[in-house]
Protein chains: 2
Amino acid sequence: MATIKDVAKLAGVSKATVSRVLNGNERVSQVARDKVKQAMNDLGYKPSALAQALATNRSRTIGMVVSDLSGPFFGPIMKSAERVIRDAGFQLVVTNGHGQADREREAIEFMTNRPVDALILTVFGFPEEEIVELHRNGTPIVLLNRHIQGFEDNCIYLDNEQGGYLATKRMLELGHNRIAFLAGHFTHHDSVERLEGYQRALAEFGVPFRQELVFDDDYNEDGGRRMCQKLLNLKREFSAMFCGNDLIAIGARDILNQNGLLHGTCMVGFDDVTFARYLNPSLSSVFFPVEEMGERAGHMALAMAGQRSESVGHILQPKLIERQSLCPPASKAD
Amino acid sequence: MATIKDVAKLAGVSKATVSRVLNGNERVSQVARDKVKQAMNDLGYKPSALAQALATNRSRTIGMVVSDLSGPFFGPIMKSAERVIRDAGFQLVVTNGHGQADREREAIEFMTNRPVDALILTVFGFPEEEIVELHRNGTPIVLLNRHIQGFEDNCIYLDNEQGGYLATKRMLELGHNRIAFLAGHFTHHDSVERLEGYQRALAEFGVPFRQELVFDDDYNEDGGRRMCQKLLNLKREFSAMFCGNDLIAIGARDILNQNGLLHGTCMVGFDDVTFARYLNPSLSSVFFPVEEMGERAGHMALAMAGQRSESVGHILQPKLIERQSLCPPASKAD
DNA sequence: TTGTAAGCGTTATCAG
DNA sequence: CTGATAACGCTTACAA
């Protein structure tokens, strides 16, 4: 690998001059500039990002910690963030925090030792204070899907309450008044917020809130199965179901199907992951603008890294996607 | 941020000694070692990975270029590779090549300027010679899903021929003898190899190969739709369908469904992506051991980076996953 | 066992 | 406009 020294020698100038033409145009004579460029070409010279980072204390790198490197949710976030970041001539480095506090801490340390110019975090276990402290200590943070008091400027999150409201309202409009809510654990504030939206819609339609129709369990297929089974065991009347995410919905559908109830039950999921539309009947879902979240995260991180970039809002709006699983109640009135 | 100098000063030793205790135990007296460790703790010292990399010319970083940062195929590969790599104290850096030669080149340059100790590549457009040259020039390469003559030691790929064979054989066993093949473009060697497997199975069962039942188009939903539509337009007799991947299968199902043929047609996809089992009827598919591929890639890359790691094989074996979409032909004989 | 000093490839300060 | 030269934080002969 050719270094700046080789270029300097070949061009017959000093390293300083080479460095100057490298870093955008400062005051360098045209002749010098040309000689340097020529030499660079001849040697196939590429500056070492490493050495530049050491000297400038800026790495042109943005870190990202996700809770799952695979999966339909984080994929699009990473993808859109990476596009924005690479377009700015920066590099995105992604690592997995596995959604557990200790792994997340490890992942974050990995990043800060690197170091990165800004850090995009989607962490669940990692404590709020540490996040804020990290930021204070000089690693600019963009926090996704989490909303810390007094740290709002660094957060990007979905209006979950509105999502819960939209889904529930639509089912109410269709005539349902016994709507079960199969939520994720209420330790996740998303779940709580979605519940609030659910309640707001009920109130608006004068339908009483029934605690016995609300369940919480893991945010995955098995959680959905268990909650749905519980619901059936209770023999509570219900004609519709709002699920905390699409995986829960899939688990629930499985149980409903086994009981011959799949096609009669109105259902709305959350996130609108790619395969929701492939299901049969296709699954209605509250669309989570993941790509937009990724883009915004990218822009915000770049801005924090001292790069001028679009300024973006902090709260994303969900949208109800209507598909076959949204249907009126079986007409008992007739 | 505390530096090695601060630690040295506080511990009352030289930088060299600190460096020694940092890099595993060399000959350092117990007292010195203790003082240094104490000082490190007191200062919360973390060595700068950057400076270390510059000094040693090794970054403890493995790069990976994928053709899609989201999507059900690369997610699990990245995830399992990352686990292996991080367990070894290395960092995985992922970037997107978008499956286009120029973007891939850019992505690879980004990586080599960083630099990385090894590079895992899943690139399609990038020319073979350049890959081999890159490796010769000192960036160790692990190449996924591609098989270059004379470069086998660096490649990890699926036995596609066997995959095509397994799928076709099972359908033949069920009694189908008009099996359409909706392949991806034959410019992808995967497609060609799968076709060969398809033909081998046919030959084994004495069923003649019919060119008019073979189609090629994009490896996605729309490609599947177009190929299926063409097949129907031709009014060729067929009772089963082998699809080049699961997305093609989904597109084809859509068209079949519109024609009331979904439940009568036997179908096998390829890759066995996560949602194949969620479909209704659930989709049989040739399982592609993506996680294993990621793990092997990780181990191989580590080994090339001079880290001792498990040695792994180069060819992965597919497996047929049987689900509802696998069914005997409608009995015309009766 | 320990310290000194050169070097990794760049940037940045300061004279000239 | 240009060139020495000192950083940046660490490793690594070489000497002591």
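In what follows, every chain begins at residue 1, and chains take the letters A, B, ... in the order their sequences are listed.
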Starting at atom CD of B:Q30, determine the distance to atom C1' of C:dT2, rounded to an integer number of angstrom. 15 Å
Side chain of B:R58, backbone of B:Q52: donor and acceptor closer than 3.5 Å? no
Short side-chain N/O contact to D:dT11 OP1/OP2 from B:Q52, under 4.0 Å: yes
Donor-acceptor check, side chain of B:N23 to backbone of B:S19, threshold 3.5 angstrom: yes or no? yes
If you check every side-chain atom of B:A51, which of C:dT2, D:dC8, D:dG9 has the closest atom? D:dG9
For atom CE of B:M1 and atom P of D:dG9, their distance in whole Å: 11 Å
Measuring from A:Y45:OH to A:L10:CG, what's the distance to the nearest 0.5 Å? 13.0 Å
Output the rounded distance in Å from CD1 (A:I4) to C1' (D:dT2). 14 Å
Classify the side-chain pair A:S59/A:D117 by whether it contains a donor and acceptor separated by less than 3.5 Å. yes
In sequence, state the C-alpha distance, the side-chain angles, and the governing distance for B:R105 and B:E109, and then conclude on salt bridge (charged side-chain N to carboxylate O under 4.0 Å, His left out). CA-CA 6 Å; B:R105 180 169 294 109; B:E109 275 199 1; over 6 Å; no
Do the side chains of A:E106 and B:R86 get close enough for a salt bridge, i.e. N-O under 4.0 angstrom? yes
On DNA chain D, more 5' by nearest nucleotide between B:T56 and A:S29 is A:S29
Using whole Å, what does the distance between atom C1' of nucleotide D:dC8 and atom CG of B:L50 come to? 9 Å
Atom NZ of B:K5 and atom P of C:dG3: how far apart are they, to the nearest Å? 16 Å
Could you give the CZ-to-C1' distance, from B:R60 to D:dC10, as a whole number of Å? 15 Å
What is the distance from CG of A:L54 to P of D:dT11, rounded to the nearest Å? 12 Å
Interface polar pairs with nucleotides 4-6 of chain C, N/O, under 3.5 angstrom:
none

Please work out if B:A32 contacts a base, only the sugar-phosphate, or nothing of the nucleic acid, heavy-atom cut-off 4.0 Å. sugar-phosphate
Using a heavy-atom cut-off of 4.0 Å across all strands, would you classify A:N57 as base, sugar-phosphate, or nothing? nothing
Scan A:V13 against the nucleic acid and name what it touches under 4.0 Å (heavy atoms): base, sugar-phosphate only, or nothing. sugar-phosphate
B:E295 side chain to B:M293 backbone, donor-acceptor under 3.5 Å: no
Can you measure A:R114 atom CZ to D:dC8 atom P for me and round it to whole angstrom units? 21 Å
